[in-house]
Amino acid sequence: MDIGLEYRYENEVLIPTLLVQIELESKTKLLLQRRPSCAQGATHFQTPHLGTRSYRIEGMIPTIPVRSPLTLCTNNSSIRPTTTAMCTPTHRVPHVLTVAGSDSGAGAGIQADLKACAALGVYCSTVVTAVTAQNTVGVQGIHPVPETFVAAQLRSVLSDMQVDVVKTGMIPSIGMVKILCQSLQEFPVRALVVDPVMVSTSGDVLADSSIVSVLRKDLLPVADIVTPNLKEASILLGGVPLETVAHLRSAAKLIHDLGPRYVLVKGGDLPAPFDAVDIFFDGQEYHELLGPRVETRNTHGTGCTLASSIAAGLAKGLSMFEAVQVAKRFVESALHYSKNISIGRGVQGPFDHLLKLKQNTNSFSLRRGFDKSDLLLYAITDSRMNKKWGRSMVEAVKASIKGGATIIQLREKEVETGEFVELALACKEICHSKGVPLIINDRVDVALASNADGVHVGQSDMQARTVRALLGPDKIIGVSCKTEEQALQAWNDGADYIGCGGVFPTSTKENNRTIGLDGLKAVCLTSKLPVVAIGGISADNVPSVMEIGAANLRGIAVVSALFDHDCIFSETMKMYSAVTHCRSRTK
Ligand SMILES: Cc1ncc(COP(=O)(O)OP(=O)(O)O)c(N)n1
Ligand SMILES: Cc1ncsc1CCOP(=O)(O)O
Ligand SMILES: [Mg+2]
């Protein structure tokens, strides 16, 4: 007689099921299964052949999780269950497999990939292709791993684990490229990120020229994205000189013709005065990804880290472009954070990938960065309305978040700077306790002093590019735009979103030209940034706004519809249900 305990999921709860297998004289097996109606005590089976069989259960049978073996007692003997119920809820973890070389200095290679994935919350397994002796001075030695052992590592990981994305770094031999391609055919993954490591940033050759043709012929055609720096792009294209942004664009196109779905040519090595511009090419459109050049010696491993961060974003379900943007911001943040650390005596030091784990967990902006879904219901505060209705700013912010506001903007035109900073700190605490970003209107100084999550500026305020340079890459920057040209400028300046309006007439902002639904639509259709509509928006006209037919219109920004009322909570709930209803219909 076998006894077992099985757990089955039903409605989010694990239900214990007792399984009793009895062998009859006639050798037929009888499987009885029963849900113990109690955690302890007897449970009875009615069996057609044996009448009533009673079993007494000792030991608790909790629903989740069960870790301790249970002892089931029949009439007179205790029988340990055939299976010890070990049930805990399981969930998939985004998973990147890095196929790269080991960097003894731990600034680049698989070490960089492991740290980047850890910082971005993604599991990272490793296939080591070579062991290098290197430090901040350069590469002193390379010891390739035998190809058969690379194959064995690939099989060990891919045959057992659910890998979402493979990221390749240094692959020192033609045979290894072919082994990798074969493994990916046998064990397909969702995406392949190829960082064509051929020359280290210290200028040392990490893969001889013979491998270039195999990379071109075998690996690039199956890559989802390839991320060469200037030198690597030039090598992939036979040694053409690449010295300007125009060269980068043509290089991206030519490399795309070799087969990868996307290309990111990294322009960090462009000679000054160019900004650190990367060209992202999807086969149709070019995107110039600008970012502040961080003046530091600690840039070793930036290429590997960018590629593994892209892989991490893809593993988490981001689109390619989103993954590239987040990865670029992550690397910039890490460089910014690490710019003055000193590791090693050479010309090029490593940077600190794990800043996210060290930053104050309340620093919301680094915990997950800007998410365009934050724009769904954008509440903009107004002290005059608070005064009119006799409530504090903190009360107003709490009520709007409780009602469903997804992002808060403190918009204060008369308050003294010191008071504004205090207000921002108090509101940030409320916002972060609910995972809601806090944006400061106009005042970059107040945003810096309160470490708010970002700033919103208008056309007559500080230019977004300057704000970006002051706030750094991981803060949220919004720009007011009435025209397509302003929207393009906001994009080039490195903004995260556009506030577009006033859509309808409003008395909340003086001397504000109304652009109407047509003006809103014109901006949305050309903007490369997500858009939030603003100006005279109420629950009644939300449908007309949200249904203009622009996918990147992500929400509405409102002041009086929420705050010029006695009950902010109910007004916000009303607005939230209106905008979510429309959003669900227009997705
Ligand atoms: C989300 C959002 N959009 C637009 C504005 C308007 O900003 P601005 O043009 O700077 O005007 P003021 O708000 O400063 O009067 C905004 N604040 N938020
Ligand atoms: C700040 C701002 N920018 C354009 S319109 C506006 C005011 C929006 O206020 P309301 O939602 O009360 O119309
Ligand atoms: Mg302004």
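Just so you know, ligand 1 is whichever comes first in the structure, and atom 1 is the first atom listed for that ligand.
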Original post:
Lys266 versus Leu230: any side-chain heavy-atom pair under 4.5 Å?
Top reply: no
Subject >> For Gly499, atoms of ligand 1 separated by under 4.0 Å from a heavy atom >> reply: 3 (N)
Original post:
Using heavy atoms and a threshold below 4.0 Å, how should the contact between Arg411 and ligand 1 be classified: side chain, backbone, both, or neither?
Top reply: side chain
**OP:** Indicate yes or no: does Asp566 engage Lys388 in a salt bridge with an N to O separation below 4.0 Å.
**Re:** no
Original post:
Does Asp564 pair with Arg384 as a salt bridge, N-O distance under 4.0 Å?
Top reply: no
Original post:
Which class fits the ring pair Trp491 and Phe321: parallel under 30°, tilted 30 to 60°, perpendicular over 60°?
Top reply: tilted
Original post:
What atoms of ligand 2 come within less than 4.0 Å of a heavy atom belonging to Val558?
Top reply: 11 (O)
**OP:** Please indicate whether any nitrogen or oxygen in Gly458 is less than 3.5 Å from any nitrogen or oxygen in ligand 1.
**Re:** yes
**OP:** For Gly535, take its heavy atoms, then give the atoms of ligand 2 lying under 4.0 Å from any of them.
**Re:** 5 (S), 13 (O)
Original post:
Which atoms from ligand 1 have a heavy atom of Asp461 less than 4.0 Å away?
Top reply: 10 (O)
Original post:
If you count the atoms of ligand 1 from 1 in the order shown, which ones are under 4.0 Å from a heavy atom of Asp442?
Top reply: 10 (O), 14 (O)
Original post:
Would you say ligand 1 has an N or O under 3.5 Å from any N or O of Tyr497?
Top reply: no
Original post:
Would you call Pro228 and Pro196 a side-chain contact if the rule is heavy atoms closer than 4.5 Å?
Top reply: yes
Subject >> Lys413 and Asn441 side chains, donor-acceptor separation under 3.5 Å >> reply: yes
Subject >> Proximity winner for atom 16 (C) of ligand 1, if only heavy atoms of His456, Glu510, Lys413 are counted >> reply: His456
**OP:** Provide the number and element of each atom of ligand 1 under 4.0 Å from a heavy atom of Gln409.
**Re:** 1 (C), 2 (C), 16 (C), 17 (N), 18 (N)
Subject >> Parallel, tilted or perpendicular: ring planes of Tyr378 versus His456, cut at 30 and 60 degrees >> reply: perpendicular
Original post:
In ligand 2, which numbered atoms sit nearer than 4.0 Å to a non-hydrogen atom of Ser560?
Top reply: 10 (P), 11 (O), 12 (O)
Original post:
Counting only heavy atoms not in Gln459, do more than 12 fall under 6.0 Å of its CD?
Top reply: yes
**OP:** Would you check whether Ile534 has a nitrogen or oxygen atom less than 3.5 angstrom from a nitrogen or oxygen atom of ligand 2?
**Re:** no
Subject >> Sidechain N-carboxylate O distance under 4.0 Å for Glu395, Lys398 >> reply: no
Subject >> Any Ile556 side-chain heavy atom under 4.5 Å of Met575 side chain >> reply: yes
**OP:** Determine, using heavy atoms of Gly501 and all atoms of ligand 2, whether some pair is separated by less than 4.0 Å.
**Re:** no
Original post:
Considering distance alone, does some N or O of Lys509 sit under 3.5 Å from an N or O of ligand 1?
Top reply: yes
**OP:** Please work out whether any backbone atom (N, CA, C, O) or any side-chain heavy atom from C-beta onward of Asn512 is under 4.0 Å from ligand 2, and answer side chain, backbone, both or neither.
**Re:** side chain
Original post:
Purely on distance, is any nitrogen or oxygen of Arg411 under 3.5 Å from one on ligand 2?
Top reply: no
Subject >> Nearest protein heavy atom with distance in Å, relative to atom 9 (O) of ligand 1 >> reply: Ser480 OG, 2.9 Å
**OP:** Looking only at N, O or S atoms, find the one in Asp461 nearest to the Mg ion (ligand 3) and name it.
**Re:** OD2
Subject >> Name of whichever N/O/S atom of Asp442 is nearest to the Mg ion (ligand 3) >> reply: OD1
Original post:
With only distance considered, is Lys509 within less than 3.5 Å of ligand 2 through an N or O on each side?
Top reply: no
Subject >> Sub-4.0 Å atoms of ligand 2 with respect to non-hydrogen atoms of Gly536 >> reply: 10 (P), 13 (O)
Original post:
Out of His300, His353, Lys115, which residue meets the side chain to side chain donor-acceptor pair (under 3.5 Å) rule with Thr305?
Top reply: His353
Original post:
If you round to the nearest 0.5 Å, how far is CG of Asp442 from OG of Ser460?
Top reply: 7.5 Å
Original post:
Would you say Glu429 has more than 12 foreign heavy atoms packed within less than 6.0 Å of its CD?
Top reply: no
Original post:
Which atoms from ligand 1 have a heavy atom of Asn441 less than 4.0 Å away?
Top reply: 12 (P), 13 (O), 14 (O), 17 (N)
Original post:
Would the number of heavy atoms belonging to other residues, nucleotides or ligands and lying under 6.0 Å from CZ of Phe281 be above 12?
Top reply: yes
Original post:
Got the closest protein heavy atom to atom 11 (O) of ligand 2, with its distance?
Top reply: Val559 N, 2.9 Å
